[in-house]
2 protein chains.
Amino acid sequence: MGAMSNVERAVSALRQMIFAGELPPGSDHLESELAEQLGMSRTPVREAALMLQAQGLVEMRPRRGIRISPVSATDMAEIYDILTELESLAAARAAETQYSKSDLATLATAIRDMDAALAADDLRAWAEADDRFHRELVRLGRNARLSMVVSVMRDQVRRARATTLFMRPKPKQSNEDHRIVYQAIARGDAKTAHDTHHAHRQAARDMLVALLEKHQFHGL
Amino acid sequence: MGAMSNVERAVSALRQMIFAGELPPGSDHLESELAEQLGMSRTPVREAALMLQAQGLVEMRPRRGIRISPVSATDMAEIYDILTELESLAAARAAETQYSKSDLATLATAIRDMDAALAADDLRAWAEADDRFHRELVRLGRNARLSMVVSVMRDQVRRARATTLFMRPKPKQSNEDHRIVYQAIARGDAKTAHDTHHAHRQAARDMLVALLEKHQFHGL
DNA sequence: TCATACATTAATGTATACATAAACATATAC
DNA sequence: GTATATGTTTATGTATACATTAATGTATGA
């Protein structure tokens with residue numbers, strides 16, 4: 001039924017703890033500690049840690065424990081650079097594929113939700129809808145590997161967002177960009193979709209990196 | 001001294017066996033078989049397999065054994081699309097960084113080696129130098145995460161290359177492209193570096209995908 | 001007081017034992 | 001003859017035991 005292995009449980013639990021800040025960036029944790037917390041033996045915890053390590057969320061250092069990877073301003077710049085390129089490609093490919101209006105419904109809904117959240121001044125709801133938009137955009141690009149790489153990168157961004165979301169200016173330009181990208185995809189204009197999204201992400205990158213550097217979250 | 005754990009040994013050994021074709025794409029292998037072959041217990045083999053799975057080289061399927069991931073024409077198209085974007089970004093960033101001639105020596109050497117290999121009709125040497133060129137190019141882009149993603153993708157390409165290297169036309173245009181990219185980086189022309197490399201990789205992609213599709217290596 | 005050598009500690013790396021559950025074969029009913 | 005149910009096999013998932021080795025503490029000497 002549940003059919004969920006302990007390794008899967010450990011991966012989920014650890015991810016959640018990391019995103020919730022319960023395991024703070026830079027902190028070290030023994031395999032045995034985590035195993036006890038999760039109510040299982042070291043083996044599945046170790047395997048889960050190996051997986052999370054491959055995604056850059058933790059680092060396993062011999063005799064120092066499992067370290068929750070810190071995310072510096074430099075890291076964020078690297079990550080956004082990758083996101084910028086890959087998501088823009090996905091936008092272009094989505095435009096080349098001739099999607100019907102109904103295929104693009106999820107995208108449209110996400111945009112509307114972002115509008116609503118902005119109007120209601122609900123930043124958390126906005127962030128959730130923004131995530132949804134980008135995830136769907138990448139999915140429409142139809143490149144499974146690209147989706148996976150992007151999702152790994154986005155996980156890292158999410159960790160930084162917890163701290164930066166309430167520091168940054170209202171994402172107003174953002175929604176206009178999303179709308180332009182959406183329309184470009186709908187009418188099959190790959191270049192506009194690509195370039196608009198590219199500029200969109202690059203602006204986000206510059207804003208975020210400046211913010212992180214200014215507040216010296218170098219070892220967040 | 002050697003200070004190499006069994007997990008590391010297993011990773012190296014399995015990679016080598018995969019690249020050498022000793023573990024053919026699509027084949028299944030029990031953990032216990034591999035463990036016996038490598039002279040260790042299942043534990044390190046399992047951990048190694050988890051790591052290779054994260055890099056897309058194998059898939060672990062419950063009760064079916066460890067499957068060496070097949071690489072289809074579609075996969076190759078996906079991979080080249082990612083490589084195209086990320087390497088082009090690296091080229092642009094390399095151009096923006098003001099490298100001295102000596103910083104670019106490795107790049108220059110690789111180009112000369114490719115010329116020599118082409119003249120000598122030594123495709124294997126050409127492929128090795130080509131690898132070296134691209135690896136150095138990405139390194140100069142100074143984005144550790146990007147380097148890692150690219151290296152994972154290139155591993156997959158390498159597997160297909162074993163089959164395609166002797167089927168494809170002589171890489172003659174290739175070297176001119178490399179030279180243009182090199183010169184653009186040397187004089188700080190980011191746009192030319194980016195666009196030239198982008199076109200270069202896209203051409204390679206189209207050629208390779210056509211080749212794979214033609215020969216119906218769908219489940220290579 | 002400081003440095004070095006040694007002993008101790010403790011966390012990981014690895015092996016092994018075992019429980020679980022999927023795949024296969026067999027048998028039975030229709 | 002087919003299909004379903006049941007039993008058997010076996011590879012994996014997990015726990016546990018143990019060996020290894022890096023880090024820590026201690027003592028000794030200068």
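Predicted, not measured: the structure shown is a model, and the values here were computed from it. To find a chain, count down the sequence lines: A is the first, B the second, and so on, and within it residues start at 1.
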- Cation over ring face, A:R158 and A:F19, 6.0 Å, 45°: yes

- Message: Mind checking if A:M60 touches a base, just sugar-phosphate, or nothing, with heavy atoms under 4.0 Å?
- Response: nothing

- Message: Taking donor-acceptor contacts at under 3.5 Å, does the side chain of A:R63 reach the base of C:dA11?
- Response: yes

- Assign the ring pair A:H197 / A:H200 to parallel, tilted or perpendicular, where the plane angle (0 to 90°) is split at 30° and 60°. tilted

- Item | Distance, rounded to the nearest Å, where B:E36 contributes CD and D:dA11 contributes C1' | 15 Å

- Query: Please give, in whole Å, the distance from C:dT12 P to B:M4 CE?
  - Reply: 21 Å

- Query: Any chance CZ of A:R145 has more than 12 other-residue heavy atoms, nucleotides or ligands included, within less than 6.0 Å?
  - Reply: yes

- Whole Å only: how far is the NE2 atom of B:H29 from the P atom of D:dA11? 14 Å

- Task: Would you indicate whether the side-chain heavy atoms of A:R132 and A:M114 approach each other to under 4.5 Å?
- Result: no

- Taking CD from B:E47 and P from C:dG13, how many angstroms apart are they, rounded to a whole number? 8 Å

- Task: Measure the distance from CG on B:N6 to C1' on C:dT16 and round it to the nearest whole Å.
- Result: 15 Å

- Query: Would you call A:R67 and A:D28 a salt bridge, taking side-chain N to carboxylate O under 4.0 Å as the test?
  - Reply: yes

- Distance check: side-chain N/O of A:T43 vs OP1/OP2 of D:dT14, anything under 4.0 Å? no

- Message: Let's see if you can work this out: which of C:dA11, D:dA17, D:dG13 has an atom nearest to the side-chain heavy atoms of A:L30?
- Response: C:dA11

- Query: How close or far is atom C1' of D:dG13 from atom CD of B:E31, stated in whole angstroms?
  - Reply: 9 Å

- On DNA chain D, check which nucleotide each of A:P62 and A:V7 is closest to and give me the residue with the more 5' one. A:V7

- Query: Given that B:I66 and A:R64 both sit by DNA chain D, which one's nearest nucleotide is further toward the 5' end?
  - Reply: B:I66

- Message: In whole Å, I'd like the distance from the CE atom of B:M40 to the P atom of D:dT20.
- Response: 16 Å

- Message: I need the CD-C1' distance between A:E59 and C:dT12, as an integer number of Å.
- Response: 17 Å

